[in-house]
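One structure is given here, and the rest of the page talks about it.
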Amino acid sequence: MADATMQHDPLAGLNERQREAVTAIDGPVLVIAGAGSGKTRVLTERIAHLLRDHGVAPWEILAFTFTNKAAREMKARLERSCPGALEALWVGTFHATGVRILRRHGGASGVGRDFSIYDADDSLGVVKQILSDHVMDAQVARSPRALRDRISRYKNDLVTPEQVLESARNRIDEKIALLYREYERTLRRNNALDFDDLIARVVELFATSDEARAAYARRFHYILVDEFQDTNPIQMAMIDGLSSHHRNLFVVGDDDQSIYSWRGARVRHILEFEDLYAGTRVIRLEQNYRSTQTILDAANQVIAHNVGRKGKNLWTDGERGERIGLIASMDEEGEAVNVLQVVRELVEGGVKLRDIAVLYRTNAQSRSLEDVLKMGSLPYQIVGGVRFYERTEVRDVLAYCKVLVNPADSVNLRRIINVPRRGIGKATAERLEALAAEKGTTVIDLVRAGAPEITGAAATRLAEFARLYAELERFAAQHVAPQVVERIVEATAYMRHLKEHTADHESRVENVEEFISAAHAFAESAEDKSLRAFLEEVALVADIDAVDLESGQLTLMTLHNAKGLEFDAVIVTGLEEGLLPHYNSIDDAEAVEEERRLFYVGMTRAREHLYLSWANMRRRLGQIEGGIPSRFLHEVPDACLAHPLGSMVRATSGGRGMLDFGGDEPAAQVHPDYESMSQEVGAAGATPRAAGASGTAPSYRVGMRIRHRSYGGGVVRRVEGSGEHTRVTVIFDSGGERKFLAQFAPMRPTR
DNA sequence: TGGTAGAGGCTTTTT
DNA sequence: GCCTCTACCA
């Protein structure tokens, strides 16, 4: 063991508190880990310490992370510090771990081992199907989405349909309880589990079979939980079922970073952990290794406005650092242009593009940023928004896969039975479903059996579909995931369907191709290359899992997605009343505190440079609304700001125009003199500012020949807008057509 | 049964 | 402002 320690000492380079956390082996431990205090490191080193210095076997350890990405990274780090034998170590999200347990315990969870995993969209399909099959109160049926969310909340709070029914106070509540019950039945009939079930069924399994529970509790001697502040009751029940026996439960979290209460997470779990687990050792990590003192001071001051917290104060040995920049803009487009300008200045100042993040409260805010970025030449990646696997064309192909793996899946069968169109209309589909219900069989079995009740033209078409399905089924039985996916696309002539029936078929075809590539990529790395395994991976991936922070691109994402990440420079945008804090939270003191935590999470992502941005006007749902600078801005001490907030607010409140910051200033500073800034504002319409200090952008005319740094020569086809909003559409000699923002595009006229 | 146009909802955040 | 669903007609 001495040798092992020589190779890698898990305790080297840790501070006293971190060391204490790593070496507190037995019994419950609660680590309150402030932002940037090295909690990931503590978690990994603790596992390494258990493995190397305490003779713990890898299969005795179970660690829960918040994302698959975090799990992957933790495993990679461990592979470096203690190579080998990590196969047996369980590190994953609650959902992924739930699936692992449920696949092993097949029937115990009320579904077969080959169950489908329903995502939010599938669940919504179930709710809609129930609403259309059963005549429901108009009031109940109004919002299927809200109903689905409500069912999800019930499940996360361990509330059964029966309990909802008992506590129902009116007819509507009763109807909802019945709908919830029917939803659960439908899922079982379809041999499907939704996201919440992946954890709920494990809890149920533990409750009904003490044998199963004890087997896991005995196996996993050491349980670790990351991001503990974001666990919800059902996850807590799972943790408790696994650890109540030996009580070797190590949880790490930060009550100030609890931002998932809407998903049922309870800060209570961290605040009351000591009461739940008697004899808990509490360790606080408050030394921050990430941010400058200025950023920490600002974040500390902001979060101090919250009442419901344990209280902590982050400090650092490091530099005071530069002050926080403010970006005030006229509207969201101006904000986007200013943000791009600041990014350019940062890059000129030596910050790498991949170390810069632009954060926002809602996905919708990414649009204006993206519009501007598209026309510039900065490579960027957007995390989230319309998710890849939620696109119609991808879901269609996915639905074929799901039905092939689990033929009882009537929701997805309904999706594909007439896609591409094959003349099996709504009437026939509903007839089949009614027949199946009547006979106590499944739709697919009726299709396979040829359903004698269906006659005429519909019968012929149904027979054709049955033939197609049988062929795919035969093929799927003998081939791996990528081959099956390709076969589906081919046999259904899906690409032709896209070309004939959709307007934007080019990008749709690309998406389907990307889906096929994803299947190939999966098959290259996965051990189990089956379609079922592929579907499982697809179901559990989150957008953030795919983010490549090494890719050299600027990253745009929501504040929620930024949790756990860090960047040299962070720009938090949309700091306006109504956006941050959001409208839906503004009237509720507790909800506002969560919004403040969200802001706090955003601020503490930054290592050196932090910018806060707001706009005076913003389009929301097609309406233009006035933006009042967020109350949170006023909570940042003036001493931390590069400019007094008051002057910046006054400068923009008249709505005179977009503020422009001088390109000659060092990266961290906004324009030093707001008076001169205002003058520039007045002139902004006439003379666009070029990026950096290179003077004004060239003026473009239609027909002019240009040369672009990346795309080469081309001809100007259109010129729109004026001043810094000027957009130029260029047809390149290489064939492509592109649109640029004149002031930023690296191109010039050639004659 | 399939195509189209208009209405209506949505957007807070996601495993 | 955009997407999805519904109603109605061919």
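Every chain is numbered from 1 and lettered A, B, ... according to where its sequence line falls, protein lines coming before strand lines. From a predicted model like this one, the values you see are computed outputs, not experimental measurements.
Following rounding to the nearest Å, A:Ile382 (CD1) and B:dT14 (C1') show an atom-to-atom distance of 17 Å. To the nearest angstrom, C1' of B:dT15 lies 17 Å from CZ of A:Arg100. Between A:Leu462 atom CG and B:dT1 atom P there is a gap of 11 Å when expressed in whole angstrom units. Atom CG of A:Leu579 is separated from atom P of B:dT13 by 11 Å (rounded to the nearest Å). As a whole-Å value, the separation of A:Lys69 NZ from B:dT15 P is 12 Å. Counting to the nearest Å, the P atom of C:dC5 and the CZ atom of A:Arg414 are 12 Å from each other. A straight line from CG of A:Leu580 to P of B:dT13 spans 13 Å, rounded to a whole angstrom. Between the CG atom of A:Leu124 and the C1' atom of B:dT14 there is a distance of 15 Å, rounded to whole Å.
No contact: A:Ala96 has no heavy atom under 4.0 Å from any strand. Within the nucleic acid shown, A:Asn418 comes within 4.0 Å of sugar-phosphate atoms alone, with no base atom in reach, counting heavy atoms only.
When distances run from any side-chain atom of A:Thr428 to the nucleotides B:dT1, B:dT13, C:dC2, the shortest one goes to B:dT1. For A:His560, whose side chain is taken as the heavy atoms from C-beta onward, the closest listed nucleotide among B:dT13, B:dT11, B:dG3 is B:dT13. Of the candidates C:dC2, B:dT15, B:dT13, the closest approach to any side-chain atom of A:Arg367 belongs to C:dC2. Considering only the side chain of A:Asn363, B:dT14 comes nearest among B:dT11, B:dG2, B:dT14. Listed nucleotides: B:dT14, B:dG2, C:dT4. Nearest to the side chain of A:Arg421: B:dG2. Proximity note for A:Trp262 (side chain, C-beta onward) versus B:dT14, B:dT11, C:dG1: the nearest is B:dT14.
Within a 6.0 Å radius of CZ in A:Arg72, other residues, nucleotides and ligands contribute more than 12 heavy atoms. In A:Ile586, the CD1 atom is crowded: over 12 heavy atoms of neighbouring residues, nucleotides or ligands sit closer than 6.0 Å.
Nearest-nucleotide positions on DNA chain B for A:Arg461 and A:Arg148 put A:Arg461 closer to the 5' end. Judged by closest nucleotide on DNA chain B, A:Arg422 is the one of A:Thr558 and A:Arg422 placed further toward the 5' end.
Between C:dC5 and A:Lys128, a contact under 4.0 Å exists linking OP1 or OP2 to a side-chain N or O. For A:Asn561 and B:dT14, the shortest distance from a side-chain N or O to OP1 or OP2 is below 4.0 Å.
Side-chain atoms of A:Glu576 never come within 3.5 Å of backbone atoms of A:Trp614 as a donor-acceptor pair (strictly under, hydrogens ignored).
Stacking between A:Phe94 and B:dT15 is absent: the aromatic ring centre is not both under 5.5 angstrom from the base six-membered ring centre and within 30 degrees in plane angle. The aromatic ring of A:Tyr260 does not stack onto the base of B:dT14, failing the criterion of a centre distance under 5.5 Å from the six-membered base ring together with planes under 30° apart.
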Inset, instruction - Mind running salt bridge (charged side-chain N to carboxylate O under 4.0 Å, His left out) on A:Arg461 and A:Glu464 for me, showing each step along the way? - result: CA-CA 5 Å; A:Arg461 286 157 186 164; A:Glu464 264 169 56; over 6 Å; no

Inset, instruction - Take A:Arg148 and A:Asp194 through the salt bridge (charged side-chain N to carboxylate O under 4.0 Å, His left out) test and state the conclusion after the steps. - result: CA-CA 11 Å; A:Arg148 177 201 58 192; A:Asp194 65 17; over 6 Å; no

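Comparing the same atom, C1', in B:dT11 and in C:dT6 gives a spacing of 22 Å after rounding to whole Å.
At a threshold of 4.0 Å, the pair A:Arg619-A:Glu625 does not count as salt-bridged, since none of the basic side-chain nitrogens sits closer than that to a carboxylate oxygen.
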